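These values consider heavy atoms only, across backbone and side chains, with no hydrogens, waters or symmetry-generated copies. Worth saying up front: this structure is predicted, and the values here are computed from it rather than measured. Start at 1 and go down the list; that is how both ligands and their atoms are numbered.
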Amino acid sequence: MFSKILIANRGEIAIRVARACKEMGIPSVAVYSEADRDALHVQAADEAFLLGGPLPAESYLNVERILEVIKESGADAVHPGYGFLAENAPFAKALEDAGITFIGPPASAIDAMGSKTKARELMQAAGVPIVPGTTEAVDTYEDALRIANDEIGFPVAVKASGGGGGKGFRVALTQDKLKDAFEGASREGEKFFSDGTVYLERYLPNPRHVEVQILADTHGNCIHLGERDCSIQRRHQKVIEEAPAPSWVVDEELRARIGKIGVDAAKAVDYVGAGTIEGLLSSETGEYFFLEMNTRVQVEHCVTEMVTGIDIVKEGIRAAAGLELSYRQEGVVLRGHAIECRINAEDASMNFAPAPGKIGNYKEPSGPGVRVDSGVGPGGEVTPLYDPMVSKLIVWDADREQATARMLRALGEYEIEGLKTLIPFHTALLQREEWRTGDTCHDLLEDKAWLKTLAFEKKPRVDEDAPETVTKGYTVEVSGKRFDVKVIGEAFAGGTVAAAGASHNGRKPARGERKKAAGGGPDLLESPLQGNMWKVLVKQGDEVAEGQLICIIEAMKMENEITAHKAGTISELHIKEGEAINSGAPIATISAPAAEPAAAE
Ligand code: MV4
């Protein structure tokens, strides 16, 4: 077994991995950015090292610095969690070369599954059913048109070869829409993966997203842990996941079929560790097709842990260490039903706009069948730099109906002061008929009128003027290594370390910036996060309604929709597509509608 594991991640998944290490008796090392000095994951491991600045490129994606810390800490294995370097084949290769174990599959498997066309070709050869379409890149629109007409038929899906998770995914319902879809998917592929090549698939109407959890070791054992249904997605982001799928969607026969497809797919790339085969279940024919493989532990692995009792993270660590899996296929038994709600700092009523900020009081639900995997706590902060997930709320109960009731109970117990989260959204959705009947809820999640009913009543705010608490515990970094020390005596002048480091929720506008407008609050719409301006949907002079989509900012592989904070005219547009944008930077100046009489002031 490993002598020490470095966890190259942050937030809830870093804590999840640290817990597995502790239970296995393996010392662990946390890493953190300058923005995460007070983050919970730093305390979860046995030691911690500062990586660098707040930007992912300076810290959690900083391979050079991570390799340095591996050496300095004496770790002999790295757990990448999900996101950041988890599916980065060159990183896995660099570790392999340095004699450090990457807790995940071989770099060759990451590589094979990274290219969606290569993966489709491999899967087809292995007898794994893929969505009908091309297994090679389609070079020109003319080729695409011919293939769509002669071989696939409309509607067709156009997908970027480097894509995954819905990036670079377009649909052409009819022939006249193909050119736009082809060019759009190609552009997006170029922008996000530096690969403009695309391929074609038959478009399946209203399919379910059903994925299967795989575990494999280096002794030739490869098993599946049943399926998860993740059909409730918004803009390709999963929001609710469950295991197993509703009983009327997947029966034992289909479960065995999907499981075998997953195992065959994993074996075809000599997989090792925990992985997931994502697939589509056709609502029309009941066919199941391979979509892609995620070569890492996933956010939603917990629902599978709840119904199987198997610790997926521990099994992944065992497999990487060359041990046999603790289970055989016959030993995997599904019991009851588990549901996960992603508690994101987002405002569903404002098009799921990210709502980062500082948390005040915080109380997690508990009691029977409740699990909360969170990365923050009381006084914590969700920064716009990283994923806006506060926690994952997971419940288990004997069946889907009871698990739903338990989730609603747990959502009701959750107290998060100071942040807008998806708690009201989940509470409303789980009470809908669409959820009860196992609908994919595609229309509901785009239903502006329904989402509007989930608006927050008042802006929650943490009282930043509350008296500072004096603490005599300090954290120091010596040559980049973190130590907790106690100072006996007076606190440092100017208060505590914690108070000095406390940051504000959003930046204060410069003098004169927040010009008041007739009848409508500040004019300036500022970026709530740092990222890349992916799409701008308005131009100067446009009239916009409150909540109307202004632009889409790409950050952390997520599309973040920025909507108008008020109605009015775009008197100034401060942004351009393709440009980088900082948190707090101006997006647009929206002045009150011209028609509105001055008297309204
Ligand atoms: C599809 C599809 C229909 N036909 N591919 C790809 C990424 C994943 N996040 C959703 N993807 C889809 N790929 C073909 N050929 C429909 C979707 C899809 C979807 C699938 C299942 C459940 C929810 C979905 C929401 C949007 C798109």
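- Distances between N or O atoms of Leu204 and those of ligand 1 include at least one value under 3.5 Å.
- For atom 6 (C) of ligand 1, the closest non-hydrogen atom on the protein side is Lys159 NZ, 4.0 Å.
- Inclusion of Gln233 in the set of residues having an N or O under 3.5 Å from an N or O of ligand 1 is warranted.
- Of the listed options Glu201, His209, His236, Arg202, His236 places a heavy atom closest to atom 10 (C) of ligand 1.
- Between Phe84 and Tyr60, the angle of the ring planes lies from 30° to 60°, which puts this pair in the tilted group.
- Ligand 1 lies nowhere less than 4.0 angstrom from a heavy atom belonging to Glu278.
- No side-chain N or O of Thr421 forms a donor-acceptor pair with one of Asn344 less than 3.5 Å apart.
- Side chains of Val372 and Tyr414 form a contact here, defined as non-hydrogen atoms less than 4.5 Å apart.
- Checking atom 12 (C) of ligand 1 against the protein gives a heavy-atom contact under 4.0 Å.
- With respect to Glu252 and Arg257, no salt bridge is recorded, no charged nitrogen being found less than 4.0 Å from a carboxylate O.
- For His442, the closest heavy-atom approach to ligand 1 falls below 4.0 Å.
- Nearest-heavy-atom check against atom 1 (C) of ligand 1 across Leu280, Val210, Val158 picks out Leu280.
- Every atom of ligand 1 with a heavy atom of Ala157 under 4.0 Å away is listed here by number and element: 15 (N).
- Contact annotation: the side chain of Lys238 approaches that of Glu300 to within less than 4.5 Å [non-hydrogen atoms, C-beta and beyond].
- Here is the list of ligand 1 atoms found below 4.0 Å of a heavy atom in Val131: 15 (N).
- Protein heavy atom nearest atom 18 (C) of ligand 1, with residue, atom name and distance: Phe169 CE2, 4.3 Å.
- Each of the atoms 7 (C) of ligand 1 lies under 4.0 Å from some heavy atom of Gly166.
- Within the 4.0 Å heavy-atom criterion, both parts of Pro207, backbone and side chain, lie near ligand 1.
- For the side-chain contact (heavy atoms from CB on, under 4.5 Å) criterion with Arg228, the lone passing option out of His209, Gln213, Glu340 is Gln213.
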ask   = Yes or no on side chain to side chain contact (heavy atoms under 4.5 Å, CB included) for Lys191 and Trp534, after CA distance, side-chain angles and deciding distance?
value = CA-CA 9 Å; Lys191 197 174 275 182; Trp534 185 38; 3.4 Å; yes
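- Here Glu227 does not pair with Arg208 in a salt bridge; the nearest charged N to carboxylate O distance is not below 4.0 Å.
- Judged by the shortest distance from any of its heavy atoms, Thr440 lies outside the 4.0 Å radius around the atoms of ligand 1.
- Electrostatic pairing of Arg432 and Asp439 does not count as a salt bridge here, judged by no charged N lying under 4.0 Å from a carboxylate O.
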